[in-house]
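Both backbone and side-chain heavy atoms feed into the values below; hydrogens, waters and symmetry mates do not.
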There are 2 protein chains.
Amino acid sequence: MATPQLTKNQTMVMDALSHSEGPLSAYTILDKLRDQGFRAPLQVYRALDKLLEYGLVHRLESLNAFVACTCPHEHEHDHGVTAFTICEGCGQVTEFHDIAIEQRLSALTRAQNFKTEKTTIEIRGHCQSCA
Amino acid sequence: MATPQLTKNQTMVMDALSHSEGPLSAYTILDKLRDQGFRAPLQVYRALDKLLEYGLVHRLESLNAFVACTCPHEHEHDHGVTAFTICEGCGQVTEFHDIAIEQRLSALTRAQNFKTEKTTIEIRGHCQSCA
DNA sequence: TCGCACACGTTATAGCATAACGCAATTGAT
DNA sequence: ATCAATTGCGTTATGCTATAACGTGTGCGA
């Protein structure tokens, strides 16, 4: 899917995530954007929904939080499964992709005739610095 | 970890999950157990915390819900990563384990010197019947 | 110009999870 | 036996996450 021009709200949410060191919850984003006119959670959630749809943002299910995608171009072609390591110490999130895992999961789901729509892989632990 | 004798509350929560067709949210469990004396969310969450610790229950991060483990004995030795397929149609959840994925993830995290504590793999989609 | 799609704004509400307090039962070392 | 520590329990209150429902405005093609 081609990424359309972002609206004003979408741009502000995207910028907040891009400039953040780590993942942000929707309400944290809201707080960051209050100065710029945001008043209600839905303004954030609606923007996030679109950014997720465009593949510019990922949702971290185990944190109820969101991060900017580190390689949005690759997603224009919607390649593959995205996985994350999440450090419990410093909060750092690293996105990665692995074709072997993707193929293995694909084989396993095909074996049970399961039609995959979205795959979540999140690894919680401690990064090198925080070990 | 050896599983200790469950307390009364833990047993009731475990039974609710075991007898359920699919995953249950904490508040759904609470509602099911009101007749048996449950009054507050914490009663459920505290029981769930222990059941998770004992490996008798899994948390589905993408649903904010819980399921009984389908193979609790294997977990007594704390083998491996648990993965799930989750059908958006009928709600059916299938737990599975795959050593190849586990090894691949292990290699990838070791490469970034990341110390894994918990791995979440959840595949949303449609099962054979609901495709 | 009419109708439609879409983004937006607001209020209210629903759903998920934990903080903080105190009490009761158990255990186990002295 | 007794005291201290641990663990589970019950309750109230609160906080965080997410969506429902309604209406407004704008752009654009039939």
Side-chain angles (χ1 to χ4, degrees), chain A residues 1-17 20 22-54 56-67 86 88 91 118 120 122 124, chain B residues 1-17 20 22-54 56-67 86 88 91 118 120 122 124:
Chain A
M1 168 197 326
T3 302
Q5 185 63 35
L6 298 184
T7 67
K8 186 161 151 292
N9 283 8
Q10 288 160 18
T11 302
M12 288 193 281
V13 170
M14 190 68 218
D15 284 351
L17 284 171
S20 167
L24 298 176
S25 77
Y27 278 75
T28 303
I29 294 171
L30 175 58
D31 287 339
K32 283 183 182 294
L33 296 180
R34 281 194 197 281
D35 292 348
Q36 294 158 69
F38 273 52
R39 317 297 315 268
L42 260 196
Q43 295 177 285
V44 178
Y45 281 109
R46 288 203 273 233
L48 285 171
D49 282 346
K50 285 300 179 184
L51 295 172
L52 288 166
E53 182 185 327
Y54 303 153
L56 300 175
V57 163
H58 298 291
R59 175 185 173 82
L60 299 174
E61 301 288 352
S62 67
L63 294 179
N64 293 326
F66 304 84
V67 286
I86 302 170
E88 314 262 7
K118 178 164 194 301
T120 297
E122 296 177 17
R124 306 283 291 265
Chain B
M1 169 196 324
T3 303
Q5 186 62 34
L6 298 184
T7 67
K8 187 160 151 293
N9 283 7
Q10 287 159 18
T11 302
M12 287 194 281
V13 169
M14 189 68 217
D15 285 350
L17 284 171
S20 167
L24 298 177
S25 77
Y27 277 73
T28 303
I29 295 171
L30 176 57
D31 287 339
K32 283 182 181 295
L33 296 180
R34 280 194 198 280
D35 292 348
Q36 293 158 70
F38 273 52
R39 317 298 314 268
L42 261 197
Q43 295 176 285
V44 178
Y45 281 110
R46 288 203 273 232
L48 285 171
D49 283 346
K50 286 298 180 185
L51 296 172
L52 289 166
E53 182 185 328
Y54 304 152
L56 299 175
V57 162
H58 297 291
R59 176 186 171 81
L60 299 173
E61 302 288 353
S62 67
L63 293 180
N64 294 326
F66 303 85
V67 286
I86 302 170
E88 314 262 10
K118 178 165 194 303
T120 298
E122 297 177 16
R124 306 283 292 265

Closer than 4.0 Å, any side-chain N/O of [X] to the OP1 or OP2 of [N]?
| X | N | value |
| --- | --- | --- |
| B:Asn9 | D:dG10 | yes |
| A:Lys8 | C:dA7 | no |
| A:Asn64 | D:dC16 | no |

If I take atom [atom1] from residue [X] and atom [atom2] from residue [Y], how far apart are they, to the nearest 0.5 angstrom?
| X | Y | atom1 | atom2 | value |
| --- | --- | --- | --- | --- |
| A:Arg46 | A:Asn9 | CZ | CG | 9.0 Å |
| B:Thr3 | B:Lys50 | OG1 | NZ | 12.0 Å |
| B:Leu56 | B:Leu6 | CG | CG | 6.0 Å |
| B:Thr28 | B:Leu33 | OG1 | CG | 10.5 Å |

Pick base, sugar-phosphate or nothing for A:Arg46, based on heavy-atom distances below 4.0 Å to the nucleic acid.
-> base

Measure the distance from [atom1] on [X] to [atom2] on [N] and round it to the nearest whole Å.
| X | N | atom1 | atom2 | answer |
| --- | --- | --- | --- | --- |
| A:Gln5 | D:dC28 | CD | P | 13 Å |
| A:Leu42 | D:dG23 | CG | C1' | 14 Å |
| B:Tyr45 | D:dT14 | OH | C1' | 14 Å |
| B:Leu6 | D:dC9 | CG | P | 10 Å |
| A:Gln43 | C:dC6 | CD | C1' | 16 Å |
| A:Leu63 | D:dT17 | CG | C1' | 13 Å |
| B:Asp49 | D:dG8 | CG | P | 11 Å |

Nearest-nucleotide 5' precedence on DNA chain C, A:Gln10 against B:Arg59 |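 Comparing both residues, the 5'-ward one is A:Gln10.
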
Could A:Glu61 and A:Arg59 be called an ion pair, given the rule that one side-chain N must be under 4.0 Å from one carboxylate O?
-> yes

Picking from C:dA17, C:dC8, D:dA21, which would you name as closest to the side chain of B:Phe66?
-> C:dA17

Out of D:dG8, C:dT10, C:dA7, whichever nucleotide has its closest atom nearest the side chain of A:Tyr54 | C:dA7

Derivation and outcome, side chain to side chain contact (heavy atoms under 4.5 Å, CB included), residues B:Leu52 and B:Phe66 | CA-CA 9 Å; B:Leu52 289 166; B:Phe66 303 85; 4.1 Å; yes

Where along residues 22-37 of chain A does a heavy atom come under 4.0 Å from DNA chain C, residue by residue in number order?
-> none

Apply the test side chain to side chain contact (heavy atoms under 4.5 Å, CB included) to residues A:Met14 and A:Val57: give CA-CA distance (whole Å), side-chain angles for both, the deciding distance (0.1 Å), then the verdict.
-> CA-CA 8 Å; A:Met14 190 68 218; A:Val57 163; 3.8 Å; yes

